[in-house]
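So the structure is just underneath, and the comments pick up after that.
Since we're looking at a predicted model, the values are computed, not measured. The first residue in the sequence is number 1, and the count goes up from there.
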Amino acid sequence: MKKISLVLGAVLAAAPAFATVRIVTSLQDFASIADAVGGKRVETFALAKGYQDPHFVDPKPSFVLKLSKADLLIVAGLELEIGYLPPLIDQSRNDKIRPGASGYLDASNGCDILERPTGTVTRAMGDVHPFGNPHFWLDPENGRIIARAIAARLTELDPSGAADYKAGLAAFEAKLTEGGKRWDAALGPYAGTEIVTYHNSWPNFLKHFKLVAAGYIEPKPGIPPSPAHTVELINMMLEKKISVILMEPYFDDKTPKAVAEKTGAKLVRFIPSVGGVPEAKDYIALFDYDVKLLTDALAAKGTKP
Ligand SMILES: [Zn+2]
């Protein structure tokens, strides 16, 4: 009997003194930031993987189970998740994570959101960015805002962890500031350079690093390439001597390859999210990876702004 209680005592002593906050995120980027801020106090699960198109995620039954047990759901908002998430929230029957509840965090709040429509939203603007560009996590300063929002919400949901969240946030922000110096130094010489991207995934990234999107392989966000648009794009690229095309890992490379051949531009598989490649293992590593890819491509092409 004594032996059993000793074993039990050891088990109890080893158990953490706090309950884990279960977090589900739409993107691995938010999960990475939440892990950095929450450390051991949180457990995260991302629905979309970094190598998948975040607009089009295949809902799995396991997602409903994860959502049903979640204390906090973090989304990009701006309708990025409109195609799959609302029915999953319904099926989870978890009122804690419904929009408006304390366990629902729209990460776009407070971030620098680009391309917000000023007039009436119509389908003519494209299919998938009706309320502004939802790829805003690709500006590291928006990452800082997201981290602060996550820390504040975790502190609200789990007040006993306030000091831990404050420390986690401070450590993350310090890494972000350090990283920012590296990234700015690497891309600084290319300020003003025009590039082409497949989908309009990088306006925040480009704005932050003072680069310019001259055009897109897609005629409008969410609309596949068309021959007429491709011809126009090729002519524009030749005229402007554009040397780099950035392409998300989840698109077919037939059109971008053809455009690269016709224009002599370098086609780069750029990574829009944590987990897009194993090297982009967290939010800081994502920028390290992308900035190196882009500077290598620009340097190889001898691009001068
Ligand atoms: Zn998009």
Side-chain angles (χ1 to χ4, degrees), residues 12-48 50 63 66-78 80-81 85 89 92 94-113 134 136-183 204 208 273-275 280-288:
L12 287 173
F18 48 84
T20 304
V21 182
R22 281 172 290 208
I23 305 175
V24 173
T25 66
S26 59
L27 302 169
Q28 280 191 255
D29 309 83
F30 303 151
S32 171
I33 296 173
D35 278 329
V37 170
K40 286 188 204 151
R41 302 189 74 98
V42 304
E43 186 186 286
T44 60
F45 178 80
L47 301 175
F63 291 176
K66 287 283 183 188
L67 287 165
S68 71
K69 292 178 177 170
D71 303 300
L72 176 60
L73 170 64
I74 306 174
V75 301
L78 302 168
L80 182 69
E81 297 92 357
L85 192 54
I89 297 176
S92 79
N94 180 355
D95 288 336
K96 285 193 290 184
I97 57 161
R98 287 190 176 280
S102 61
Y104 180 91
L105 179 60
D106 181 332
S108 72
N109 286 334
C111 285
D112 181 24
I113 304 300
F136 57 88
W137 67 91
L138 288 161
D139 176 341
E141 286 309 312
N142 276 345
R144 190 185 301 275
I145 292 165
I146 296 165
R148 287 175 184 171
I150 291 174
R153 189 62 65 89
L154 284 172
T155 303
E156 220 177 285
L157 295 174
D158 173 29
S160 64
D164 291 340
Y165 299 133
K166 197 176 168 195
L169 176 63
F172 177 75
E173 288 205 46
K175 279 188 195 166
L176 202 55
T177 302
E178 272 311 300
K181 289 179 194 159
R182 285 196 298 279
W183 308 323
N204 287 94
H208 182 87
S273 269
V274 171
K281 65 182 193 322
D282 60 35
Y283 189 74
I284 305 289
L286 170 68
F287 286 95
D288 278 327

State which residues pass salt bridge (Lys or Arg N to Asp or Glu O under 4.0 Å) with [X]; sequence neighbours excluded, sorted by chain then number.
{"X": "Asp112", "answer": "Lys207"}
{"X": "Asp35", "answer": "none"}
{"X": "Lys66", "answer": "none"}

Roughly how far, to the nearest 0.5 Å, is [atom2] of [Y] from [atom1] of [X]?
{"X": "Leu27", "Y": "Glu81", "atom1": "CG", "atom2": "CD", "result": "6.0 Å"}
{"X": "Arg41", "Y": "Asp164", "atom1": "CZ", "atom2": "CG", "result": "5.0 Å"}
{"X": "Ile146", "Y": "Asn109", "atom1": "CD1", "atom2": "CG", "result": "10.5 Å"}
{"X": "Ile33", "Y": "Ile23", "atom1": "CD1", "atom2": "CD1", "result": "11.5 Å"}
{"X": "Tyr104", "Y": "Ile74", "atom1": "OH", "atom2": "CD1", "result": "11.5 Å"}
{"X": "Phe63", "Y": "Leu85", "atom1": "CZ", "atom2": "CG", "result": "10.0 Å"}

Kindly give the heavy-atom pair with the smallest separation between [X] and [Y], and that separation in Å.
{"X": "Ala101", "Y": "Asp95", "result": "CB-O, 3.5 Å"}
{"X": "Pro140", "Y": "Phe287", "result": "CD-CE2, 3.6 Å"}
{"X": "Gly38", "Y": "Leu154", "result": "CA-CD1, 4.2 Å"}
{"X": "Ser68", "Y": "Asn94", "result": "O-ND2, 3.4 Å"}
{"X": "Gln28", "Y": "Gly50", "result": "OE1-N, 2.7 Å"}
{"X": "Val274", "Y": "Lys281", "result": "CG1-O, 3.6 Å"}

Excluding sequence neighbours, so at least two apart, what forms side-chain hydrogen bond (donor to acceptor under 3.5 Å, both in side chains) with [X]?
{"X": "Ser32", "result": "none"}
{"X": "Asn142", "result": "none"}
{"X": "Ser108", "result": "Asp106"}

Between [X] and [Y], is there a donor-acceptor pair closer than 3.5 Å when you use the side chain of the first and the backbone of the second?
{"X": "Arg153", "Y": "Ser102", "answer": "yes"}
{"X": "Asp71", "Y": "Arg22", "answer": "yes"}
{"X": "Arg144", "Y": "Phe172", "answer": "no"}
{"X": "Asp29", "Y": "Trp137", "answer": "no"}

**OP:** Indicate yes or no: at least one non-hydrogen side-chain atom of Trp183 is less than 4.5 angstrom from one of Asp288.
**Re:**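 Result yes, sub-4.5 Å side-chain heavy-atom pair found.
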
Original post:
Would a 4.5 Å heavy-atom cut-off, applied to side chains only, mark Ile150 and Tyr165 as touching?
Top reply: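 With C-beta onward as the side chain, the pair stays apart.
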
**OP:** Apply side chain to side chain contact (heavy atoms under 4.5 Å, CB included) to the pair Leu78 and Ile113, showing each step before the final yes or no.
**Re:** CA-CA 9 Å; Leu78 302 168; Ile113 304 300; 3.7 Å; yes

Subject >> side chain to side chain contact (heavy atoms under 4.5 Å, CB included) between Leu73 and Thr25, worked out >> reply: CA-CA 6 Å; Leu73 170 64; Thr25 66; over 6 Å; no

Subject >> Reference residue Val24; test side-chain contact (heavy atoms from CB on, under 4.5 Å); the match among Val75, Leu67, Thr44 >> reply: Leu67

Original post:
Are Ser92 and Arg98 close enough, and set up right, to give a side chain to side chain donor-acceptor pair (under 3.5 Å), and what steps lead you there?
Top reply: CA-CA 10 Å; Ser92 79; Arg98 287 190 176 280; over 6 Å; no

